[in-house]
Amino acid sequence: MSNAIVIAPSILSADLGHLAREIADVEAGGADWVHVDVVDGRFAPHLTFGPATVKAARRATRLPIDVHLMVNEPERYLEAFAKAGADTITVHEEACVDLAVALAQIRSLGKRAGVALKPETSVDTLAPYLGALDLVLVLCVSPGASGQAFQESQLPKIAAVRKMIDQSGQPIDLEVDGGVSSDNAGRIARAGGRVFVSGSKIFDTPDRAEAIQKLRRAAAGD
């Protein structure tokens, strides 16, 4: 964990027909991580990616690959995503058979372990697991689809998670996803967010480097 701003473009909004080129473009533009949203159509609407996409992303970049599993019983897939090249694997408490077991399994695979909070999920969910976490992801939209509007009501939750992390003394990254843009990055950063996931606001622009730097400047308060 550090106070440095981390920008993690989500390939959910990339041109998947040219995935390697898209990832190379954001890497050259200053991205810090590559974010992969995996949705099974059951835990959340829509179907997105599997381990094969993570494997393709791994071939395309040396950046850390940050995988968010919006799937039921993610325990069944942890080894596959780890072998595919994920560096961080984030799961939802509501989707796990046993969250503690899932987090331990992720770490046993040599990967960073994360928990994601849906807008309606209480911050208190985190309390028993802080010692087993490397990352907390606060979702500011309903999981599953890109392009949704940021829910301002999630800012107090981000601040509450930041307080919980700081009080724990654990080196846990605080990531924010869902409608993140240069318009709200400053407020997110002031609330305590440090890792900024953004999809359409980066990939839907012709100049990805400028979009990334604009987001970074806004988060840094410049």
- request: Mind checking salt bridge (charged side-chain N to carboxylate O under 4.0 Å, His left out) for Glu22 and listing every partner two or more places apart, or none if nothing turns up?
  value: Arg208

query: Going by heavy atoms in the side chains, are Leu139 and Pro119 under 4.5 Å from each other?
result: yes

- prompt: Taking only residues two or more places apart in sequence or in another chain, which ones pass salt bridge (charged side-chain N to carboxylate O under 4.0 Å, His left out) with Lys163?
  reply: none

message: Could you tell me if the side chain of Thr88 sits less than 4.5 Å from the side chain of Asp173, heavy atoms only?
response: no

task: Determine, step by step, whether Asp66 and Leu137 satisfy the side chain to side chain contact (heavy atoms under 4.5 Å, CB included) criterion, reporting the C-alpha distance in whole Å, the side-chain angles of both residues, the deciding distance to 0.1 Å, and the verdict.
output: CA-CA 11 Å; Asp66 176 37; Leu137 167 56; over 6 Å; no

task: Quick one: pull up CG in Asn184 and CG in Leu155 and give me the separation to the nearest 0.5 Å.
output: 7.5 Å

- request: Check step by step if salt bridge (charged side-chain N to carboxylate O under 4.0 Å, His left out) holds for Glu27 and Arg62.
  value: CA-CA 9 Å; Glu27 181 172 4; Arg62 295 182 179 180; over 6 Å; no

message: Please determine whether a side-chain nitrogen of the Lys or Arg among Arg162 and Asp166 lies less than 4.0 Å from a carboxylate oxygen of the Asp or Glu.
response: yes

- prompt: Roughly how far, to the nearest 0.5 Å, is CZ of Arg107 from CZ of Arg112?
  reply: 9.0 Å

- request: Answer yes or no: is there a side-chain heavy-atom contact under 4.5 Å between Val36 and Phe81?
  value: no

statement: For Val67 and Ala86 the tightest heavy-atom approach is CG2-CB, 3.5 Å

query: Do you know the tightest heavy-atom contact between Pro9 and Ile212?
result: CG-CD1, 4.4 Å

- request: Measure the spacing between CD1 of Ile202 and OG of Ser13 and express it to the nearest 0.5 Å.
  value: 9.0 Å

- prompt: Is there a path from Val161 to Ile172 through hydrophobic residues (I, L, V, M, F, W, Y) whose side chains come within less than 4.5 Å of each other?
  reply: yes

message: Between Phe150 and Asp183, is there a side-chain heavy-atom distance shorter than 4.5 Å?
response: no

message: Between Leu63 and Trp33, is the side chain to side chain contact (heavy atoms under 4.5 Å, CB included) condition met? List the steps.
response: CA-CA 5 Å; Leu63 294 178; Trp33 297 359; 5.8 Å; no

- prompt: Sub-3.5 Å donor-acceptor pair from the side chain of Asp87 to the main-chain atoms of Ile65, do we have one?
  reply: yes

Worked check of side chain to side chain contact (heavy atoms under 4.5 Å, CB included) between Thr53 and Ile11: CA-CA 10 Å; Thr53 303; Ile11 64 168; 3.9 Å; yes

query: Do the side chains of Leu12 and Leu16 join up, straight or via other hydrophobic residues, at under 4.5 Å, putting them in one cluster?
result: yes

message: To the closest 0.5 Å, what do you measure between CZ (Phe196) and NZ (Lys201)?
response: 15.5 Å

query: Is it true that the side chains of Glu93 and Thr121 contain a donor and an acceptor less than 3.5 Å apart?
result: no

message: For the residue pair Asp37 / Thr48, report whether a side-chain donor-acceptor contact shorter than 3.5 Å exists.
response: no

query: Under the ring pair (Phe, Tyr, Trp, His ring centres under 6.0 Å) test, which residues partner His35, sequence neighbours left out?
result: none

query: Can you name the closest pair of heavy atoms from Ile158 and Cys140 and give their distance?
result: CD1-SG, 4.1 Å

message: To check you understand the geometry: which heavy-atom pair defines the closest contact between Ala84 and Pro51, and what is its length?
response: CB-O, 3.4 Å

message: One pair to check against side chain to side chain contact (heavy atoms under 4.5 Å, CB included): Val26 and Phe203. What are the steps and the verdict?
response: CA-CA 8 Å; Val26 295; Phe203 281 107; 3.6 Å; yes

message: Using 0.5 Å steps for rounding, measure from the NZ atom of Lys118 to the NZ atom of Lys157.
response: 10.0 Å

field: Residues which pass ring pair (Phe, Tyr, Trp, His ring centres under 6.0 Å) with Tyr77, listed by chain and number, not counting sequence neighbours
entry: none

field: Sequence-distant partners of Arg216, salt bridge (charged side-chain N to carboxylate O under 4.0 Å, His left out), two or more places apart
entry: Asp32

message: For Ala82 versus Ile89, what's the shortest heavy-atom pair and its separation?
response: N-CD1, 4.0 Å

task: Specify the closest pair of heavy atoms between Pro74 and Ala95, including all atoms of both residues, with the distance to one decimal.
output: CD-O, 3.3 Å

- prompt: Would you say Val197 and Val138 are hydrophobically clustered, going by side-chain heavy atoms of ILVMFWY under 4.5 Å?
  reply: no

message: I want to check something: taking the side chain as every heavy atom from C-beta on, are Cys96 and Val101 in contact at a cut-off of under 4.5 Å?
response: no

field: Residue list, salt bridge (charged side-chain N to carboxylate O under 4.0 Å, His left out) with Arg217, at least two apart or on another chain
entry: Glu210

message: Tell me whether the count of non-hydrogen atoms from other residues, nucleotides or ligands lying under 6.0 Å of CD in Glu152 goes above 12.
response: yes

- prompt: With no hydrogens and no angle check, is any side-chain donor or acceptor of Glu75 less than 3.5 Å from a backbone partner on Val97?
  reply: yes

Rounded distance (nearest 0.5 Å) linking atom CG of Leu117 with atom CG of Asp124: 10.0 Å

Side chain proximity check, Leu215 to Val180, heavy atoms < 4.5 angstrom: yes

